[in-house]
K.L.:
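Have a look at the structure that comes next, please.
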2 protein chains.
Amino acid sequence: MPGIKLDPIDRKILAELQADGRMTNVELSRRVGISAPPCLRRVRALEETGFIHSYHARVNARELGFEVTVFAMVSLRSQAEADLSAFEDRVRAWPLVRECHMLNGEIDFILKCVAPDLSSFQSFLTGELTAAPNVASVKTSLVIRNGKEEPGVPFDVLESRISDDD
Amino acid sequence: MPGIKLDPIDRKILAELQADGRMTNVELSRRVGISAPPCLRRVRALEETGFIHSYHARVNARELGFEVTVFAMVSLRSQAEADLSAFEDRVRAWPLVRECHMLNGEIDFILKCVAPDLSSFQSFLTGELTAAPNVASVKTSLVIRNGKEEPGVPFDVLESRISDDD
DNA sequence: GCTGAAATCGCCTAACG
DNA sequence: CGTTAGGCGATTTCAGC
């Protein structure tokens with residue numbers, strides 16, 4: 001899988017589609033400096049090789065009635081692989097949990113949760129999360145405001161580290 | 001701004017575009033059960049009213065050479081509004097920091113960072129983040145693996161709480 | 001192999017009912 | 001909101017580098 005490499009045009013395509021995932025192919029081809037057919041072929045190849053995972057609209061959570069975002073730091077009693085996986089399986093079934101990252105250190109998982117209001121989050125917290133098997137402790141922090149939210153990766157950092165292409 | 005309301009078709013549109021932001025308008029119109037022109041008008045309206053913020057391709061960070069993701073918990077010495085804003089301004093200029101959330105409690109900010117490797121993150125950590133004005137302490141946690149990563153909000157939670165439409 | 005040009009097909013997007 | 005219709009983008013085909 002790491003045998004596939006990208007040239008500067010591929011990286012430009014990825015950067016452009018990360019910034020605007022609904023851009024038309026002709027506009028994209030214009031921006032990366034090639035004609036439309038090869039541009040479309042490259043996009044399809046990037047999708048099939050997994051460099052592009054998916055496309056999503058970013059919606060305004062608060063306007064839609066999701067007024068609270070909470071980070072939950074979870075520690076488990078057992079860190080055996082089967083128990084870690086079991087917890088992750090459980091997390092995937094909870095719609096309020098949007099992200100789950102396994103961490104090093106004392107905290108085993110950090111969960112990013114979104115809920116309509118505090119009371120619905122708290123009923124999830126006490127009724128589901130802390131009540132789940134193997135959960136030792138949960139520390140929650142309410143998000144007061146969002147200072148930055150950029151999707152994906154910083155391609156400019158990549159460009160200044162790359163010697164050459166494919 | 002809260003005067004604008006959404007009917008079930010609008011919510012379906014948002015859910016579909018959150019799940020697949022590159023869907024064609026005719027496919028979208030088919031899924032929500034109306035014809036293409038009014039569907040497009042609704043999408044444009046949702047974009048202009050800010051319910052749809054933007055569209056993004058989700059890329060494979062690891063394949064692209066961003067091997068490490070780190071959560072940084074930052075505490076500041078002063079929590080005066082001017083100092084909080086000054087820190088947020090600084091964060092926006094750091095490409096490695098993809099998200100910055102202000103929290104309640106002892107930790108003032110949680111930062112989600114992405115870097116090509118540990119050494120480049122650590123040079124950012126010591127050279128930029130902990131060296132920034134007003135930063136009292138920074139605790140970092142390396143992401144071992146990702147158990148879940150869903151975009152945006154859980155529309156199914158919304159549906160089971162909504163009495164009626166516009 | 002790759003790209004680019006031409007042609008076809010389908011979608012987008014006005015205008016109107 | 002639906003239908004019609006014209007213009008544009010998407011996608012295949014084919015020729016050239």
Side-chain angles (χ1 to χ4, degrees), chain A residues 1-59 63-64 151-152 155 158-159 162-166, chain B residues 3-60 63-65 155 158-159 162-166:
Chain A
M1 189 178 301
I4 306 143
K5 305 205 195 91
L6 301 177
D7 67 10
I9 294 179
D10 289 321
R11 289 195 292 272
K12 189 86 196 300
I13 287 174
L14 291 169
E16 292 290 343
L17 286 179
Q18 177 176 277
D20 180 2
R22 226 176 148 73
M23 190 183 304
T24 66
N25 183 58
V26 295
E27 170 68 9
L28 180 62
S29 66
R30 197 188 59 73
R31 293 198 186 196
V32 304
I34 61 178
S35 65
C39 184
L40 184 62
R41 282 193 291 267
R42 281 167 180 264
V43 171
R44 295 281 179 264
L46 291 168
E47 290 168 356
E48 280 162 24
T49 54
F51 284 99
I52 295 177
H53 177 278
S54 50
Y55 301 89
H56 305 282
R58 187 166 139 200
V59 302
E63 287 286 320
L64 283 168
F155 282 98
L158 202 63
E159 296 303 329
I162 281 182
S163 50
D164 208 19
D165 54 18
D166 183 28
Chain B
I4 307 143
K5 305 206 196 88
L6 302 177
D7 68 10
I9 294 180
D10 288 322
R11 289 195 292 272
K12 190 87 195 302
I13 287 174
L14 291 170
E16 292 289 344
L17 286 179
Q18 178 175 276
D20 180 2
R22 225 175 149 74
M23 190 183 304
T24 66
N25 183 58
V26 295
E27 170 67 10
L28 180 62
S29 67
R30 196 189 59 74
R31 295 198 185 197
V32 304
I34 61 178
S35 65
C39 184
L40 185 63
R41 284 193 290 264
R42 282 166 179 264
V43 171
R44 296 281 178 264
L46 290 168
E47 290 168 356
E48 280 162 22
T49 54
F51 284 98
I52 296 177
H53 177 277
S54 50
Y55 302 89
H56 305 282
R58 187 164 138 202
V59 302
N60 188 327
E63 287 286 320
L64 284 168
F155 282 99
L158 202 63
E159 295 304 328
I162 283 184
S163 50
D164 207 18
D165 54 19
D166 179 34

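Chain identifiers are assigned alphabetically (A, B, ...) following the order of the sequence lines, protein sequences preceding nucleic acid strands; residue numbering begins at 1 within each chain.
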K.L.:
Using 0.5 Å steps for rounding, measure from the CD atom of A/Glu63 to the NE2 atom of B/His53.
P.N.:
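Atom-to-atom, A/Glu63:CD and B/His53:NE2 are 12.0 Å apart.
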
K.L.:
Expressed in angstrom and rounded to an integer, what is the separation of B/Arg42 atom CZ from C/dC12 atom P?
P.N.:
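Distance check: B/Arg42 CZ to C/dC12 P gives 17 Å.
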
K.L.:
Could you go through nucleotides 9-11 of chain C and list every protein N or O atom that sits under 3.5 Å from one of its N or O atoms, giving the distance for each pair?
P.N.:
none

K.L.:
Separation of A/Arg41 atom CZ from C/dC2 atom P, in whole Å?
P.N.:
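Whole-Å distance recorded here is 8 Å.
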
K.L.:
Can you list the residues that meet the side-chain hydrogen bond (donor to acceptor under 3.5 Å, both in side chains) rule with A/Arg42, with sequence neighbours excluded?
P.N.:
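By the side-chain hydrogen bond (donor to acceptor under 3.5 Å, both in side chains) rule, A/Arg42 matches A/Asp7, A/Asp10.
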
K.L.:
With sequence neighbours excluded, tell me which residues meet side-chain hydrogen bond (donor to acceptor under 3.5 Å, both in side chains) with B/Arg31.
P.N.:
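With neighbours one apart ignored, the set is B/Glu16, B/Glu27.
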
K.L.:
Determine the contact category for A/Arg44: base if any of its heavy atoms lies under 4.0 Å from a base atom, sugar-phosphate if only primed atoms, P, OP1 or OP2 are that close, otherwise nothing.
P.N.:
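Answer is sugar-phosphate: A/Arg44 comes under 4.0 Å of backbone atoms only.
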
K.L.:
Nearest 0.5 Å please: distance from the CG atom of A/Leu28 over to the NZ atom of A/Lys12.
P.N.:
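Separation between the atoms: 8.5 Å.
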
K.L.:
Would you call A/Leu6 and B/Leu64 a side-chain contact if the rule is heavy atoms closer than 4.5 Å?
P.N.:
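They are in side-chain contact.
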
K.L.:
Could you go through the side chain to side chain contact (heavy atoms under 4.5 Å, CB included) check for B/Glu47 and B/Arg44 one step at a time?
P.N.:
CA-CA 5 Å; B/Glu47 290 168 356; B/Arg44 296 281 178 264; 3.5 Å; yes

K.L.:
Quick one: list whatever passes side-chain hydrogen bond (donor to acceptor under 3.5 Å, both in side chains) with B/Ser54, sequence neighbours left out.
P.N.:
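If we apply the side-chain hydrogen bond (donor to acceptor under 3.5 Å, both in side chains) test to B/Ser54, skipping adjacent residues, the hits are B/His56.
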
K.L.:
So, A/Arg22 side chain and B/Met23 main chain: donor-acceptor pair closer than 3.5 Å or not?
P.N.:
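Checking the backbone N and O of B/Met23 against the side chain of A/Arg22, a donor-acceptor pair under 3.5 Å is found.
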
K.L.:
Enter the distance from A/Ile13:CD1 to A/Ile52:CD1 here, rounded to the nearest 0.5 Å.
P.N.:
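Result: 8.0 Å between the selected atoms.
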
K.L.:
Considering only heavy atoms of chain A and a distance under 4.0 Å, specify the first and last nucleotide of DNA chain D in 5' to 3' order that meet this criterion.
P.N.:
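Reading along DNA chain D, I get D/dG9 to D/dT12.
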
K.L.:
Can you list, by residue number, the residues of residues 32-40 of chain B that have a non-hydrogen atom closer than 4.0 angstrom to DNA chain C?
P.N.:
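Within residues 32-40 of chain B, the residues near DNA chain C are B/Ala36, B/Pro37, B/Leu40.
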
K.L.:
How far apart are the C-alpha atoms of A/Gln18 and A/Leu14, what are their side-chain angles, what is the distance that settles it, and do they pass the side chain to side chain contact (heavy atoms under 4.5 Å, CB included) test?
P.N.:
CA-CA 6 Å; A/Gln18 177 176 277; A/Leu14 291 169; over 6 Å; no

